[in-house]
Student: 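Pasting in a structure now, in structure tokens, and then I'll have a few things to ask.
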Amino acid sequence: IRAPLPTDGSYAFHRLWVDARRYTRLTPGTQVNFRLVGGGWVSGDPLPVQRRLALGGPDLLPGYGFRATTCSGALDPDPTDAGLCDRLIAAQLEFRSRLRLGWSLGLRDRELDRLINVEEADLVVFADAGDAWLAGDGPGRVPTNRIPVLEEWKADVGVGLDLGGAGVYLAKALTDGQPVRVVLRLQRRF
């Protein structure tokens, strides 16, 4: 991935990270949300291993396992291995519709009641796509002034129920033969 680090203290790299979001309310109970996230190595020496990237998992591509794309060259990546990609880009689109469930237990403890009662939830339908890659010249790399072609991106779709502070989602990868994944989250997708 890179040559050994110089011992004279001249090692320097520049990294950029962008996370742009757009929330559009269609009606009082429905909205469409969009997120474009990406970044990585910009200039200087190659990124150190602890700053390298991987793609896959519950945040950006829930239809794929954790670190499904690591740029390690392995056909079956091991999620315990470090992500070795220089750059990453992902786009997420979701449609949210408010469901009026009215599930209430009427507990006397106000704090516990706030955590357990679910009077409203959101039905979430989503689609995600993205890729991670090594930048530069050479085999298996993408030139530094480009991103991978869309045919190389990984994509997934899914549906879920967001209960305000927690959610359960089903996600299916579209570009690989991955199984349907169940994802539990303790916060909103984005």
Side-chain angles (χ1 to χ4, degrees), residues 1-6 10-23 32-95 124-158 160 169-183 185 187-190:
I1 294 296
R2 62 169 168 74
L5 295 176
S10 64
Y11 189 77
F13 63 90
H14 296 97
R15 193 170 86 131
L16 174 70
W17 192 256
V18 176
D19 190 342
R21 303 166 190 222
R22 172 71 182 177
Y23 301 94
V32 174
N33 303 327
F34 177 74
R35 178 184 186 198
L36 180 64
V37 62
W41 177 84
V42 177
S43 67
D45 292 315
L47 293 174
V49 173
Q50 66 269 27
R51 296 289 184 211
R52 294 204 169 242
L53 304 164
L55 184 64
D59 188 31
L60 292 177
L61 283 177
Y64 290 85
F66 180 65
R67 292 188 178 160
T69 300
T70 63
C71 299
S72 68
L75 295 176
D76 189 20
D78 183 350
T80 62
D81 290 341
L84 299 175
C85 302
D86 289 326
R87 294 179 177 168
L88 175 145
I89 188 168
Q92 297 179 294
L93 179 68
E94 71 177 18
F95 173 80
V124 181
V125 179
F126 62 90
D128 310 302
D131 199 8
W133 66 95
L134 292 170
D137 298 324
R141 295 178 176 264
V142 176
T144 57
N145 61 349
R146 297 194 182 133
I147 64 172
V149 295
L150 290 177
E151 291 82 24
E152 295 177 1
W153 288 31
K154 296 197 179 298
D156 66 15
V157 295
Y169 302 88
L170 296 175
K172 174 67 176 137
L174 296 177
T175 52
D176 293 333
Q178 300 283 324
V180 173
R181 296 187 184 275
V182 177
V183 177
R185 294 187 57 98
Q187 61 185 14
R188 294 183 80 162
R189 283 178 24 96
F190 62 90

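Side chains are part of it too, since the values below use all heavy atoms of this structure and drop only hydrogens, waters and symmetry mates.
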Student: Which heavy atom of L174 sits nearest to which heavy atom of Y64, and what is that distance?
Tutor: N-OH, 4.2 Å
Student: Go through the steps to decide whether L36 and F34 satisfy the test side-chain contact (heavy atoms from CB on, under 4.5 Å), and finish with yes or no.
Tutor: CA-CA 7 Å; L36 180 64; F34 177 74; 4.0 Å; yes
Student: Is it true that atom CZ of R51 has more than 12 heavy atoms of other residues, nucleotides or ligands lying nearer than 6.0 Å?
Tutor: no
Student: If I compare all heavy atoms of D156 with all of G63, which pair ends up nearest, and what's the gap?
Tutor: OD2-N, 2.7 Å
Student: Could you check W17 against L53 for side-chain contact (heavy atoms from CB on, under 4.5 Å), going step by step and ending with a plain yes or no?
Tutor: CA-CA 11 Å; W17 192 256; L53 304 164; 4.1 Å; yes
Student: Among residues at least two apart in sequence or on other chains, which ones pass salt bridge (Lys or Arg N to Asp or Glu O under 4.0 Å) with R185?
Tutor: none
Student: Could you measure the distance from the CZ atom of R52 to the CG atom of D86? Nearest 0.5 Å is fine.
Tutor: 4.5 Å
Student: Measure across G160 and Y169 and return the closest heavy-atom pair with its distance rounded to 0.1 Å.
Tutor: CA-CD2, 3.5 Å
Student: Output all residues satisfying salt bridge (Lys or Arg N to Asp or Glu O under 4.0 Å) with R35, sequence neighbours left out; order by chain, then residue number.
Tutor: D19, D59
Student: Check whether any side-chain N or O of W133 sits under 3.5 Å from a backbone N or O of I147 as a donor-acceptor pair, and report yes or no.
Tutor: no
Student: Indicate yes or no: does K154 engage D176 in a salt bridge with an N to O separation below 4.0 Å.
Tutor: yes
Student: Would you say the side chain of D131 lies within less than 4.5 Å of the side chain of V142, judging by non-hydrogen atoms?
Tutor: no
Student: Work out which heavy atom in T70 is nearest to a heavy atom in A82; give both atom names and the distance.
Tutor: CB-O, 4.2 Å
Student: Nearest 0.5 Å, please: how far is NE2 in H14 from CG in D45?
Tutor: 10.0 Å
Student: Check whether any side-chain N or O of T144 sits under 3.5 Å from a backbone N or O of A135 as a donor-acceptor pair, and report yes or no.
Tutor: no
Student: For Y23, does its backbone N or O pair with a side-chain atom of N33 as donor and acceptor, under 3.5 Å?
Tutor: no
Student: Is there a side-chain contact between R189 and D128 in this structure, where contact means two heavy atoms from C-beta onward sitting under 4.5 Å apart?
Tutor: yes
Student: Given 3.5 Å as the limit, does a donor-acceptor pair link the side chain of R87 with the main chain of W41, or not?
Tutor: yes
Student: Can you name the nearest heavy-atom pair linking F13 to P46, along with the distance?
Tutor: CB-O, 4.3 Å
Student: Can you see which heavy atom on C85 is nearest to which on A132, and at what distance?
Tutor: SG-CB, 3.6 Å
Student: What distance do L60 atom CG and I89 atom CD1 have between them, rounded to the nearest 0.5 Å?
Tutor: 11.0 Å
Student: Is a side-chain donor or acceptor of R67 paired with a backbone partner of D81 at a separation under 3.5 angstrom?
Tutor: yes
Student: Is it true that a side-chain atom of R15 and a backbone atom of G39 form a donor plus acceptor pair closer than 3.5 Å?
Tutor: no
